[in-house]
Amino acid sequence: MQYGRPDGTFDIVPPVPCGRKEARSFVNDSACWLHVEGVFRSVCKAYGFAEIRTPIFEQTDLFHRAVGDGTDIVAKETYDLVTRGGDRLTLRPEGTAGAIRAYVSERLWIERPIAKLLYIGPNFRYERAQRGRYRQHHQAGVEVLGASMPSIDAEIIDLAVAFYKALGIVDLTVKVNSVGTKESRVAYVDALKAYAEPLLSEMSDDNKRRFEQNPLRMLDSKDKRDIALLENAPNLVDFLDDESAHHFEKVCSHLTALGIPFEVDHRLVRGFDYYTRTAFEIQCKVLGDKALGGGGRYNQLVEQLGGPATAGIGFGLGIERVLITMEELGLPRPGGNQLDAFICPMGDAARDTSVTIASQLRQAGLSIDVDYLGRRLKAMLEMADAGGAKYAIVIGDDEIASQTASVRELATQTQHTVALSELATFVGK
RNA sequence: GAGGGUGUAGCUCAUUCGGUUAGAGCGUCAGAUUGUGGCUCUGAAGGUAGUGGGUUCGAUCCCCAUCAUCCUCCCCA
């Protein structure tokens, strides 16, 4: 019996050896993941963020509270479980709720007035899998807790753009909007419904349903008739309270000052209920209308989850979508581990000796692999090459007798006889 | 949750209007070269044609089911 992967999951495995024609997709290549995660951490470090790690499951109620009961994600897309003890837990469907829960649990505001957190990890949503949409997907994100200045909103978007640029993804569209406060959103939804109601009979079935369930989503419809009918619909920004409107203006002017091209998208609404004021999304053509990442401000969430009134803003991105985008754009594949040397023992005596030699070189901090198959030298050299080794170290009876090794530099095909005692120095230089 | 496409070797794909023994390229392994790689040549291994059922003298091909996978919509990273 063989077992397949669960629906909507995938394996991340080592990259194929160098020099092979075929290569697996970036999403399945662990070297690609390490690269993206590494770049994310280093960009975040430049912006003063520190890493937080939280459980991949939380109490079910947390997500209902934070993300919103009415959202599809919580209403029907979570992985829920009941423990043997009767606790109701949910695999996290997004990153923010857990991070904020931890912020409150650990009382992080006591240590410093502003917390700048980054996280990387898996999220789970029970939905139909598609390219760029998985049941276990991975997000990297940041949260800033404790301040509400619009410059922070701009800085977060700047960080996001810097991250994509560091990976070589440059053809970005940054969309920003303000969803105001809960109160202004209620007023807007009323106005939107008043506008849409007389047109409803001409709209798609999906939009008729959205009209009842989630009116803001009507604006996202892909149906051409709906788009035309809603062209003159009222805009969210016109319903903003003065402070939110001012905040939004400042965010936009900061972005301009930072040289980040963006467009104001009055129709941008995000999937979670907790957003207030700034909402943004970053897209790349090759992903179509799927977002590369997005985020926004949530000035009530910390309080809602039992903490002190604390302003917050976050950004999250799907790592799979980043990898797909990099591959689509034809960006160079991030390299895997490169060996410093590959040891090619000839004969039993050399195989025994090479165990010790390999260990000594590794303790000297070098990356070393050895042939375990006892094949011909030609095959071993091919292995060395495939492993990306800089040197092949050939050891046979002659070398053992003279306490030396034949060290071949693979790129230049030059070879030196090196005393075993000098081997680490020679290979490491 | 709704609709559609595709399942043949590790990978990319042929083939057969239903007919004996299902092929190729790439990759793998071996040899030419008993200790010197990327090129070349020779050879080998690798398949219950996703699985189960049906129609048929005969099914990889036609039909049904099932599973897997991909795409679109819903929703969303």
Side-chain angles (χ1 to χ4, degrees), chain A residues 2-10 16-25 67 70-77 92-96 121-141 160 204-207 209-210 213-214 217 220-223 269-272 281-284 287-295 314-325 342 344-347 350 371 373 375-389 391-399 405-415:
Chain A
Q2 288 196 9
Y3 299 94
R5 273 175 280 117
D7 257 6
T9 63
F10 53 93
V16 294
C18 331
R20 298 282 179 74
K21 287 272 193 308
E22 90 274 25
R24 54 179 49 96
S25 78
V67 179
T71 59
D72 272 21
I73 288 174
V74 165
K76 55 186 193 190
E77 292 183 357
R92 65 177 179 219
E94 56 98 47
T96 298
N123 293 331
F124 303 85
R125 291 185 201 167
Y126 190 83
E127 60 181 341
R128 189 84 182 144
Q130 259 181 53
R131 179 174 171 80
R133 289 183 41 171
Y134 304 92
R135 287 186 166 178
Q136 175 175 342
H137 72 280
H138 300 77
Q139 281 191 4
S204 66
D205 290 345
D206 279 331
N207 257 13
R209 184 178 48 74
R210 290 182 185 121
Q213 292 178 359
N214 193 353
R217 278 276 153 206
D220 265 354
S221 177
K222 285 162 193 161
D223 189 289
V269 279
R270 310 211 73 244
F272 309 138
E281 226 169 73
I282 296 173
Q283 300 183 342
C284 184
L287 267 185
D289 52 17
K290 286 191 185 110
L292 213 43
F315 164 70
L317 62 97
I319 298 179
E320 290 83 355
R321 290 187 177 180
V322 167
L323 290 168
I324 289 168
T325 302
F342 187 94
C344 309
M346 309 291 297
D371 176 79
L373 297 173
R375 300 196 294 175
R376 1 191 270 300
L377 181 57
K378 173 179 167 140
M380 291 194 278
L381 288 170
E382 280 171 5
M383 286 275 285
D385 199 42
Y391 294 105
I393 298 173
V394 180
I395 298 169
D397 294 338
D398 298 345
E399 285 84 357
S406 300
V407 181
R408 182 176 180 81
E409 187 172 4
L410 290 164
T412 59
Q413 304 196 34
T414 54
Q415 195 157 317

Chemist: At less than 4.0 Å, is any side-chain N or O atom of A:R128 found next to OP1 or OP2 of B:C70? Yes or no.
Modeler: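 The answer is no; no side-chain N or O of A:R128 sits under 4.0 Å from OP1 or OP2.
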
Chemist: Could you work out the separation of B:C64 and B:G7 based on their P atoms and round it to a whole Å?
Modeler: 15 Å

Chemist: Please state whether the phosphate of B:C76, meaning OP1 or OP2, lies under 4.0 angstrom from any side-chain nitrogen or oxygen of A:R321.
Modeler: no

Chemist: Which distance, rounded to the nearest 0.5 Å, do you find between the CD of A:Q139 and the CD1 of A:I319?
Modeler: 8.5 Å

Chemist: Let me know the distance between CD1 of A:I324 and P of B:C70, rounded to the nearest Å.
Modeler: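 Taking CD1 of A:I324 and P of B:C70, I get 10 Å after rounding.
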
Chemist: Does the base of B:C75 carry an N or O that pairs as donor and acceptor with the side chain of A:R125 under 3.5 Å?
Modeler: no

Chemist: Say you pick atom P in B:G18 and the same atom in B:G58; how far apart are they, in whole Å?
Modeler: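 It comes out at 16 Å once rounded to the nearest Å.
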
Chemist: Of all the heavy-atom pairs spanning A:L381 and A:R408, show the shortest one and how long it is.
Modeler: CD2-CD, 4.4 Å

Chemist: Could you tell me how far B:C41 sits from B:U33 if I compare only their C1' atoms? Round to whole Å.
Modeler: 12 Å

Chemist: Are any protein N/O atoms closer than 3.5 Å to N/O atoms in nucleotides 34-37 of chain B? If there are, list each pair with its distance.
Modeler:
residue: B:G35; atom: O6; partner: A:D398; partner atom: OD2; Å: 3.3
residue: B:G35; atom: O6; partner: A:E399; partner atom: OE1; Å: 3.4
residue: B:G35; atom: N1; partner: A:E399; partner atom: OE1; Å: 3.1
residue: B:G35; atom: N1; partner: A:E399; partner atom: OE2; Å: 3.2
residue: B:G35; atom: N2; partner: A:E399; partner atom: OE2; Å: 2.9
residue: B:U36; atom: O2; partner: A:R408; partner atom: NE; Å: 3.4
residue: B:U36; atom: O2; partner: A:R408; partner atom: NH1; Å: 3.1
residue: B:U36; atom: O2; partner: A:Q415; partner atom: OE1; Å: 3.1
residue: B:U36; atom: N3; partner: A:Q415; partner atom: OE1; Å: 3.0
residue: B:U36; atom: N3; partner: A:Q415; partner atom: NE2; Å: 3.0
residue: B:U36; atom: O4; partner: A:Q415; partner atom: NE2; Å: 2.8
residue: B:G37; atom: N7; partner: A:R408; partner atom: NE; Å: 3.3
residue: B:G37; atom: N7; partner: A:R408; partner atom: NH2; Å: 3.1
residue: B:G37; atom: O6; partner: A:L410; partner atom: O; Å: 2.3
residue: B:G37; atom: N1; partner: A:L410; partner atom: O; Å: 2.6
residue: B:G37; atom: N2; partner: A:D385; partner atom: OD1; Å: 2.1
residue: B:G37; atom: N2; partner: A:D385; partner atom: OD2; Å: 3.0

Chemist: With rounding to whole Å, what would you report as the distance between B:A22 and B:C61 at their P atoms?
Modeler: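 Looking at atom P only, B:A22 and B:C61 are 15 Å apart.
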
Chemist: Assign each of A:Q139 and A:Y126 to its nearest nucleotide of RNA chain B by heavy atoms, then name whichever residue's nucleotide is nearer the 5' end.
Modeler: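 Going by which nucleotide is closer to the 5' end, it is A:Y126.
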
Chemist: Using the C1' atoms only, state how far B:U51 lies from B:A59, rounded to an integer number of Å.
Modeler: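 My reading of the C1' atoms in B:A59 and B:U51 gives 15 Å.
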
Chemist: Taking the P atom of each, how far is B:A9 from B:G47, in whole Å?
Modeler: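 Pairwise P distance, B:A9 against B:G47, rounds to 10 Å.
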
Chemist: So for A:E127 and B:A77, does any side-chain atom that can act as donor or acceptor lie under 3.5 Å from a complementary atom in the base?
Modeler: yes

Chemist: What does B:C41 pair with, Watson-Crick or G-U, if both distances are under 3.5 Å?
Modeler: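 Partner of B:C41: B:G31.
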
Chemist: Given atom CZ of A:F315 and atom P of B:A77, what is their separation to the nearest angstrom?
Modeler: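 From A:F315 CZ to B:A77 P: 11 Å.
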
Chemist: Write down the partner of B:A65 under the Watson-Crick or G-U wobble criteria, each distance required to be under 3.5 Å.
Modeler: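 Pairing partner: B:U51.
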
Chemist: Looking only at non-hydrogen atoms, find the nearest pair between A:G293 and A:F315 and report the distance.
Modeler: C-CE1, 3.9 Å

Chemist: Would you say CZ of A:F10 has more than 12 non-hydrogen atoms from neighbouring residues, nucleotides or ligands within 6.0 angstrom?
Modeler: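 Enclosed: over 12 neighbouring heavy atoms sit under 6.0 Å from CZ of A:F10.
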
Chemist: What is the distance, rounded to the nearest whole Å, between atom NE2 of A:H138 and atom C1' of B:C76?
Modeler: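 It works out to 17 Å between those atoms.
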
Chemist: With rounding to whole Å, what would you report as the distance between B:U21 and B:A14 at their P atoms?
Modeler: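 To the nearest whole Å, 24 Å.
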
Chemist: To the nearest Å, how far apart are A:Q130 CD and B:U6 P?
Modeler: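 Value for this atom pair: 18 Å.
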
Chemist: Rounding to an integer number of Å, can you tell me how far A:K222 NZ sits from B:G3 P?
Modeler: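 Result: 19 Å.
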
Chemist: Please state how far atom CZ in A:R209 lies from atom C1' in B:A2, giving the value in whole angstrom units.
Modeler: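 Going from CZ in A:R209 over to C1' in B:A2 covers 11 Å.
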
Chemist: Taking all heavy atoms of A:E94 and all of A:N123, pick out the closest pair and write down the distance.
Modeler: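 Shortest heavy-atom contact: CA-ND2, 3.6 Å.
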
Chemist: Using the C1' atom in both, what is the distance from B:C62 to B:G3, to the nearest Å?
Modeler: 24 Å

Chemist: Send over the distance from A:E77 CD to B:A77 C1', rounded to a whole Å.
Modeler: 12 Å

Chemist: Find the distance A:R135:CZ to B:C70:C1' and express it as a whole number of Å.
Modeler: 15 Å

Chemist: Heavy atoms only, 4.0 Å cut-off, all strands: where does A:G347 land among base, sugar-phosphate and nothing?
Modeler: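 A:G347: no heavy atom of the nucleic acid under 4.0 Å.
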
